[in-house]
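Before any comments, here is the structure.
Sequence lines set the chain letters: A, B, ... in the order given, protein chains first and strands last, and positions in each chain run from 1. Owing to the predicted nature of the structure, the values given are computational and were not obtained by experimental measurement. Only heavy atoms go into these numbers, but all of them, side chains included; no hydrogens, no water, no symmetry mates.
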Amino acid sequence: MKLDLLAKLNGERAARRAAILFTDLEDGTQRLVREADIGPDDDLESGLLRGGKSRVVEVSGRRVFATVHVPPAKLVLIGAVHISQALAPIARVLDYDTTIVDPRTAFATEARFPDVTLVAEWPDAALPQVGLDRWTAFCALTHDPKIDDPALIAALEAGCFYVGALGSKKTHARRVERLKAAGLSDEAIGRVAAPIGLAIGAQSPAEIAVAILAQITATLRLEAGAA
Amino acid sequence: MTAQESRPDDPLATAETWRRSGRGVALATVIETWGSAPRPVGSHLVIDEEGNFMGSVSGGCVEGAVIAEAAEVIETGKPQTLEFGVADETAWQVGLSCGGRIAVFVERID
């Protein structure tokens, strides 16, 4: 591998941008495809990124190894609430790097959330340092529009691959009105998963956490529209 | 922030740093596995001309053989695909005891 190609690849990885390195296994020639270079018709590249796994592929009859670099997925939860207490340990098993944001210091305590990054600040102050991006799954869980809404808007603007919001259909209808009034497009608002989680009849906080993480997984791994 | 600073235990960042410091460097990558293989496809081992290494392609079973081949790749610049498995005489010698097979691509960093 040429050193400058390796440097480019490392640069993409350090910046939390996905990239695929194609290596022709017969002659060793290589090509780096960055996330930004991948178009809607590039099925091979899109499929590799979605799967997130390196593997041998065939390109024009030649065996080519695709090294797939996808940034480690982040999970950002707004609300140090009961559901978050159930979500955090399951998310850890699934290899998510989890951050919980809640300005209410009575909720955001280490005793309630051991081994999780806690930020006891308002989303406006917290989210720039947390760093939302397209490899981030985001859940608004406080039920309090003052806390949830600005964070939701930031998550939609950052292109988080999953944006979910807790609340009944009625609660969500009111939220949709507020987001419209804030100037968000119907398309953007339509990306919010609400009521949050797959419909598995979840009742307890732990079951709701499973429903949410199943929906996040489906959004990450299935083709758009298949979830 | 450089890649090396952000990921101190990262073979790809290490490969870049070692090469920039003027060392001859080879990168080994697991490209295929069959059966129970200890390290997943895409795992890397970086080796320098003196046999220093970082990372892992097998959890210890075949590292020695890969490091020996890497010395040749660093010298010739010609990439190699190595296969290790129970059907292979070499594998018995280097001991891929889990019963799986792996293919490892070794290339020089130029």
(request) Counting only heavy atoms closer than 4.5 Å, note whether Ala15(B) contacts chain A via side chain, backbone, both or neither. (result) both
Using distance only, find each side-chain donor-acceptor pair of residues 148-163 of chain A under 3.5 Å and give its atom names and separation, not counting sequence neighbours.
from      : atom 1 : to        : atom 2 : distance (Å)
Asp148(A) : OD1    : Thr142(A) : N      : 3.3
Asp148(A) : OD1    : Thr142(A) : OG1    : 2.7
Asp148(A) : OD2    : Thr142(A) : N      : 3.4
Asp148(A) : OD2    : Thr142(A) : OG1    : 3.3
Asp148(A) : OD2    : His143(A) : N      : 3.2
Asp149(A) : OD1    : Arg178(A) : NH2    : 3.3
Asp149(A) : OD2    : Arg178(A) : NE     : 2.5
Asp149(A) : OD2    : Arg178(A) : NH2    : 3.4
Tyr162(A) : OH     : Gln215(A) : OE1    : 2.7

(message) Distance check, rounded to the nearest 0.5 Å: Glu26(A) atom CD versus Thr81(B) atom OG1?
(response) 9.0 Å
(message) I'd like to know whether CZ of Phe53(B) has more than 12 heavy-atom contacts from other residues, nucleotides or ligands below 6.0 angstrom.
(response) no
(request) Could you tell me the separation between the CG atom of Asn10(A) and the CD atom of Glu16(B), rounded to the nearest 0.5 Å? (result) 4.5 Å
(message) So for Glu12(A), is it side chain, backbone, both, or neither that comes closer than 4.5 Å to the heavy atoms of chain B?
(response) neither
(message) Quick check for you: to the nearest 0.5 Å, what is the distance between Leu25(A) atom CG and Ile31(B) atom CD1?
(response) 4.5 Å
(message) Going by the rule side chain to side chain contact (heavy atoms under 4.5 Å, CB included), which residues pair with Ala125(A) if we only count those two or more places apart in sequence or in a different chain?
(response) Glu121(A)
(request) Determine the minimum heavy-atom distance between Glu107(B) and Met1(A), stating which atoms define it. (result) OE1-N, 3.2 Å
Ignoring hydrogens and angles, write down the donor-acceptor pairs under 3.5 Å from the side chains of residues 80-91 of chain A, residues two or more places apart or on other chains.
from     : atom 1 : to        : atom 2 : distance (Å)
Ser84(A) : OG     : Gly79(A)  : O      : 2.5
Gln85(A) : NE2    : Arg112(A) : O      : 3.3

(message) Using the rule given for side chain to side chain contact (heavy atoms under 4.5 Å, CB included), can you reason through Glu32(B) versus Arg63(A), listing the C-alpha separation, both sets of side-chain angles and the distance that settles it, and then say yes or no?
(response) CA-CA 12 Å; Glu32(B) 284 182 286; Arg63(A) 290 182 79 234; 2.5 Å; yes
(message) Minimum heavy-atom separation for Gly28(A) and Pro79(B), please, with both atom names.
(response) CA-CG, 4.1 Å
(request) Side chain from CB out, backbone as N, CA, C, O: work out which of these in Leu5(A) comes under 4.5 Å of a heavy atom of chain B, or both, or neither. (result) neither
(request) Tabulate, in ascending numerical order, the residues of residues 20-30 of chain B having at least one heavy atom closer than 4.5 Å to a heavy atom of chain A, or enter 'none'. (result) Arg20(B), Leu27(B), Thr29(B), Val30(B)
(request) Could you grab the distance from atom CZ of Arg13(A) to atom CG of Asp10(B), nearest 0.5 Å is fine? (result) 4.0 Å
(message) Looking at Gln129(A), I want to see if its CD is surrounded by more than 12 non-hydrogen atoms of other residues, nucleotides or ligands under 6.0 Å.
(response) yes
(message) Could you measure the distance from the CZ atom of Arg19(B) to the CG atom of Leu6(A)? Nearest 0.5 Å is fine.
(response) 11.0 Å
